[in-house]
Amino acid sequence: MNGVVAKSLATVKRTVAYKEIVKAFWKANPISKQILGICSALAVTVQMQTALVMGVALTLVVACSNLIVSLLRASIPRNIRIIVQVAVIATLVIIADELLKAFMYEVSRQLSVFVGLIITNCIVLGRTEAYAMNNPPGRAFLDGLANGLGYASVLVGVAFLRELFGSGRIFGVPVIPEAFYQAGYVNNGLLVLAPGAFIMIGLFVWLEHTLLEKK
Amino acid sequence: MENLISIGVNSIFVGNILLSYFLGMCSFLAVSRNLKTAAGLGVAVIFVMALTTPVNWLIYTFLLAPGALAWAGLPEINLSFLKLILFIAQIAAIVQVLEMVIDRFSPALYTGLGVYLPLITVNCAILGASLFMVERSYNFPETLVYGAGSGIGWCLAILAMAAIQKKLRYADVPTGLQGFGQSMIVTGLIAIGFMLFAGVSV
């Protein structure tokens with residue numbers, strides 16, 4: 001039984017999909033390794049909920065724009081490829097923005113302009129330009145998905161720490177027991193403010209780099 | 001008038017587009033290694049932002065906002081969902097035109113700024129300023145002040161960062177923290193410094 005599991009696991013590990021995902025998650029994470037898309041990573045990580053929604057929105061936009069650009073790649077003239085890519089991305093972002101407004105109005109208001117700013121998020125244009133222009137649609141879609149998830153994982157990690165220590169909540173639910181506050185525990189208000197985001201990401205990346213070096 | 005001064009001060013210091021709204025981080029991190037290039041990019045951003053934000057205001061108010069097409073006899077049309085795509089196209093176009101105009105009339109300025117101008121199209125601070133202008137429903141004079149103020153704020157932040165990076169060159173930073181992690185924490189400290197202006201009201 002164990003042998004079968006190990007064998008199938010080994011087959012999974014050899015597939016392109018697995019390698020791409022591990023790469024995007026860990027070795028070449030868009031945020032902590034390639035330093036792309038920092039703006040939104042900082043702005044939406046005050047709460048878990050906004051971070052999660054933003055991560056999902058970005059993942060869908062990267063995956064779909066990679067797919068579309070990859071399908072079109074043979075017919076896009078080399079000189080105007082950037083503008084074509086931006087047009088594809090902008091269209092997808094508008095769709096994402098309108099969907100959020102329709103179904104999750106509260107979250108969409110908290111995210112304010114940052115959904116729109118996915119257009120200028122370097123991850124999206126970076127992936128379409130570097131990967132989708134030279135690879136078949138299936139692989140490009142997967143690459144977009146993996147990079148989006150790698151981005152979302154950092155976002156959710158930072159948001160978890162900021163919400164937990166900044167306001168003592170997870171997904172808006174108080175998790176730090178009342179007894180702690182009575183014993184003198186205080187939420188760290190700095191983490192909710194803008195400078196807290198910078199410092200938290202800095203520490204997060206430090207932790208990640210240190211862990212990675214040991215492996 | 002007081003309102004305008006307060007918007008100006010706010011957009012430069014307290015509501016700094018980089019330090020409290022996190023826009024334009026990518027080029028901020030990439031270009032802040034050298035004080036001279038940082039200054040070049042900073043000036044270019046002031047220039048482009050002061051120009052594109054008011055132009056986007058005109059586009060939004062007379063073409064896209066709900067009921068904006070009343071002058072064409074179509075008062076019930078609302079095109080505001082198109083603002084993302086039109087704003088980014090407009091910014092790209094202005095940057096392109098600006099590059100050609102500067103090249104034609106001031107070659108000296110072009111050699112100084114030219115390299116940075118294409119970078120600016122993908123600087124999210126520029127698009128962000130236009131989107132904030134819509135969200136906060138500024139009127140035209142307010143938009144003029146806000147656009148210029150945000151640019152100046154961004155420029156101040158990158159100058160501070162470049163100067164600190166220069167001092168840190170010989171600092172002994174732990175291995176894992178080098179590079180990205182360290183710049184993030186330094187930026188956080190600059191942001192705390194800028195927050196001191198929060199008590200200043202005009």
Side-chain angles (χ1 to χ4, degrees), chain A residues 31-45 82-83 86-98 101 109 112-123 125-126 190-191 193-214, chain B residues 14-30 81-89 91-93 118 121-136 173-195 198:
Chain A
I31 293 187
S32 57
K33 282 285 181 247
Q34 303 175 37
I35 319 190
L36 297 175
I38 310 294
C39 326
S40 49
L42 293 158
V44 301
T45 50
I82 299 281
I83 211 148
V86 170
V88 169
I89 295 166
T91 315
L92 286 165
V93 170
I94 291 175
I95 294 173
D97 195 22
E98 297 290 315
K101 270 187 199 141
R109 241 192 36 208
S112 75
V113 301
F114 291 99
V115 177
L117 287 170
I118 294 179
I119 296 180
T120 49
N121 191 318
C122 345
I123 297 176
L125 195 60
L190 181 67
L191 284 181
L193 299 173
F198 288 113
I199 294 175
M200 205 63 194
I201 284 224
L203 296 177
F204 197 83
V205 170
W206 186 8
L207 181 75
E208 205 177 317
H209 283 199
T210 319
L211 289 179
L212 216 60
E213 266 162 34
K214 284 208 182 109
Chain B
V14 187
N16 187 296
I17 197 149
L18 180 89
L19 297 170
S20 61
Y21 294 101
F22 316 107
L23 298 178
M25 285 304 295
C26 302
S27 34
F28 173 79
L29 291 172
F81 69 96
L82 282 178
K83 68 173 186 280
L84 292 177
I85 205 160
L86 270 189
F87 281 5
I88 193 83
I91 291 169
T121 314
V122 289
N123 188 326
C124 43
I126 311 276
L127 182 60
S130 294
L131 292 177
F132 274 127
M133 166 272 290
V134 170
E135 195 179 90
R136 298 174 187 169
V173 181
T175 345
L177 195 57
Q178 272 165 13
F180 179 47
Q182 173 237 29
S183 354
M184 273 298 144
I185 290 176
V186 170
T187 317
L189 297 176
I190 300 178
I192 293 180
F194 270 63
M195 271 176 64

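Lettering of chains follows the sequences in order, A, B, ..., and the numbering in each one begins at 1.
For B:L18, the part lying under 4.5 angstrom from a heavy atom of chain A is the backbone only. Looking at A:L207, neither its backbone nor its side chain comes within 4.5 Å of chain B, counting heavy atoms on both sides. When heavy atoms are compared at a cutoff of 4.5 Å, A:I199 approaches chain B by way of both its backbone and its side chain.
For the atom pair CG of A:L117 and CZ of B:F22, the computed distance is 13.0 Å after rounding to the nearest 0.5 Å. Considering CZ of A:F114 and CG of B:L131, their distance stands at 10.0 Å, rounded to 0.5 Å. Here B:I88 contributes atom CD1 and A:I89 contributes atom CD1; the two are 9.5 Å apart, rounded to the nearest 0.5 Å. The distance from the CG atom of A:D97 to the NZ atom of B:K83 is 6.5 Å, given to the nearest 0.5 Å. B:L19 CG to A:F198 CZ: the interatomic distance, rounded to the nearest 0.5 Å, is 5.5 Å.
A:A194 and B:S20 make their closest contact through CB-CA, 3.7 Å (heavy atoms, listed as atom of the first residue, atom of the second, distance).
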Let me check something: any side-chain donor-acceptor pairs from residues 173-186 of chain B under 3.5 Å, sequence neighbours excluded? List them with distances.
| residue | atom | partner | partner atom | Å |
| --- | --- | --- | --- | --- |
| B:Q178 | NE2 | B:V173 | O | 3.2 |
| B:S183 | OG | B:G179 | O | 2.7 |
| B:S183 | OG | B:F180 | O | 3.4 |

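Contact count against chain A (heavy-atom pairs under 4.5 Å) is highest for B:L84 among B:V134, B:L127, B:L84, B:I190.
Each of A:V93, A:I119, A:V86, A:T91 was evaluated against B:I85; a single residue qualifies, A:T91, per the side-chain contact (heavy atoms from CB on, under 4.5 Å) test.
In this structure, B:R136 places its CZ atom where more than 12 heavy-atom neighbours from other residues, nucleotides or ligands lie under 6.0 Å away. Within 6.0 Å of atom CG in B:L189, more than 12 heavy atoms from other residues, nucleotides or ligands are found, so the atom counts as buried in its surroundings.
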